[in-house]
Amino acid sequence: MSATDVLDTSRDASVGRVDMKLEVMIIPVSDVDRSKEFYERLGWRLDRDIAPIRGLRIVQFTPPGSGTSVTFGQGLTSAAPGSAEGELVVSDIEAAHDELAGRGIEASDIWHGPPFPIEARQRGPDPERTSYRSFLYFTDPDGNTWLVQEVTTRLWSAPRPDQRR
């Protein structure tokens, strides 16, 4: 049996589709209070800051308009502080850059083209403001990186044959 056979649900109508939504991303930090100040300065909503047991502290923030939260604290992960990378989507990359700067957050210059490799980046937003083509990034105090991408129109793709009615 191939991997395609395992993933192909079109042969068995009894196999349902289970939605899986990303709710929380855990990021490693070295100083919880310093990170809390940073994410408050970003304007993200503080959802909780609890220490239910000794050695465990959970701080959770949600970016405006997001269904996914960021959690950090003490006793949550063994990952090295600064090793996380996440992506944020905005409808206006220039407005996002201005807001970050206005909040005292050091952000990269805006560029367009592919985000990787770095040599392929071109200065400024995409001249046609094509969705998925303009970026910037910023880092938190530990070096966790947030890539910010402008998306104004979502890509659309035709349904797979097993999804057509």
Side-chain angles (χ1 to χ4, degrees), residues 7 17-50 57-160 163:
L7 297 175
R17 192 176 132 209
V18 177
D19 286 346
M20 294 186 186
K21 296 175 176 60
L22 180 63
E23 293 280 335
V24 176
M25 180 178 159
I26 297 173
I27 60 172
V29 301
S30 61
D31 183 324
V32 178
D33 291 321
R34 179 182 68 175
S35 294
K36 183 179 175 184
E37 285 179 22
F38 176 83
Y39 287 95
E40 284 174 331
R41 193 164 25 115
L42 272 175
W44 294 11
R45 183 187 72 226
L46 175 63
D47 299 323
R48 65 182 171 168
D49 182 351
I50 60 172
R57 181 174 174 196
I58 304 165
V59 179
Q60 182 172 308
F61 281 91
T62 302
S66 180
T68 303
S69 299
V70 174
T71 299
F72 56 85
Q74 178 186 11
L76 296 177
T77 180
S78 60
S83 62
E85 296 181 11
E87 183 170 335
L88 302 166
V89 171
V90 298
S91 60
D92 185 328
I93 197 76
E94 291 175 321
H97 189 275
D98 292 347
E99 181 167 334
L100 290 167
R103 292 178 175 277
I105 306 297
E106 188 175 324
S108 73
D109 290 333
I110 298 170
W111 79 87
H112 67 280
F116 310 104
I118 293 172
E119 300 78 35
R121 298 175 181 177
Q122 300 172 48
R123 291 185 56 85
D126 181 72
E128 297 178 24
R129 297 305 282 268
T130 306
S131 227
Y132 299 95
R133 301 252 326 145
S134 297
F135 303 87
L136 64 85
Y137 73 90
F138 65 93
T139 58
D140 73 7
D142 283 295
N144 293 305
T145 302
W146 293 99
L147 182 67
V148 181
Q149 181 179 38
E150 183 177 76
V151 177
T152 55
T153 304
R154 291 281 180 185
L155 292 176
W156 180 86
S157 61
R160 297 186 324 245
Q163 294 175 323

For this session: Give a yes-or-no answer on whether the side chains of Ser30 and Asp142 include a donor-acceptor pair shorter than 3.5 Å.
Result: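 Note: Ser30 and Asp142 side chains meet the donor-acceptor criterion.
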Donor-acceptor contact present, side-chain [X] to main-chain [Y], <3.5 Å:
X      : Y      : answer
Thr71  : Ile26  : no
Ser35  : Asp31  : yes
His97  : Asp92  : no
Arg45  : Thr62  : no
Thr145 : Thr139 : no
Asn144 : Ile27  : no

Looking only at heavy atoms, what is the nearest atom pair of [X] and [Y], with distance?
X      : Y      : result
Pro141 : Arg34  : CB-NE, 3.4 Å
Glu94  : Pro125 : OE2-CG, 3.5 Å
Pro64  : Gly43  : CG-O, 3.9 Å
Ala80  : Ser83  : O-OG, 2.7 Å

For this session: Kindly indicate, with the supporting measurements, whether the criterion side-chain contact (heavy atoms from CB on, under 4.5 Å) is fulfilled by Val24 and Val70.
Result: CA-CA 6 Å; Val24 176; Val70 174; over 6 Å; no
Report yes if some heavy atom in the side chain of [X] is under 4.5 Å from a heavy atom in the side chain of [Y]; otherwise report no.
X      : Y      : result
Phe138 : Phe38  : yes
Ile50  : Val59  : no
Glu150 : Ser91  : no
Asp47  : Phe61  : no
Arg17  : Asp19  : yes
Phe135 : Ile110 : no

For this session: Determine, step by step, whether Thr152 and Thr130 satisfy the side-chain contact (heavy atoms from CB on, under 4.5 Å) criterion, reporting the C-alpha distance in whole Å, the side-chain angles of both residues, the deciding distance to 0.1 Å, and the verdict.
Result: CA-CA 8 Å; Thr152 55; Thr130 306; over 6 Å; no
Mind checking the [atom1]-[atom2] spacing from [X] to [Y]? Nearest 0.5 Å is all I need.
X      : Y      : atom1 : atom2 : value
Glu87  : Met25  : CD    : CE    : 10.5 Å
Arg41  : Lys36  : CZ    : NZ    : 15.0 Å
Phe72  : Ile58  : CZ    : CD1   : 12.0 Å
Arg48  : Ser69  : CZ    : OG    : 8.5 Å
Ser131 : Arg154 : OG    : CZ    : 7.5 Å
Leu76  : Gln60  : CG    : CD    : 10.5 Å

Problem set entry | Identified side-chain hydrogen bond (donor to acceptor under 3.5 Å, both in side chains) counterpart of His112 within the set Arg123, Gln122, Arg129, Arg133 |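 Considering Arg123, Gln122, Arg129, Arg133, a side-chain hydrogen bond (donor to acceptor under 3.5 Å, both in side chains) with His112 is found only for Gln122.
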Exercise. Going through the checks in order, is the side-chain contact (heavy atoms from CB on, under 4.5 Å) test met by Val148 and Ile93?
Worked result: CA-CA 8 Å; Val148 181; Ile93 197 76; 3.9 Å; yes
For this session: Run the numbers on Asp33 and Arg57 for salt bridge (Lys or Arg N to Asp or Glu O under 4.0 Å), then give the verdict.
Result: CA-CA 11 Å; Asp33 291 321; Arg57 181 174 174 196; 2.9 Å; yes
Exercise. Which word best sums up how the rings of Tyr39 and Trp146 line up, parallel for under 30°, tilted for 30 to 60°, or perpendicular for over 60°?
Worked result: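 Because their plane-to-plane angle is over 60°, the rings of Tyr39 and Trp146 count as perpendicular.
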Exercise. More than 12 non-hydrogen atoms from neighbouring residues, nucleotides or ligands closer than 6.0 Å to OH on Tyr137, yes or no?
Worked result: no
For this session: Kindly confirm or rule out a cation-pi arrangement of Arg121 over Trp111, judged by NZ or CZ under 6.0 Å from the six-membered ring centre and within 45° of its axis?
Result: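 Yes.
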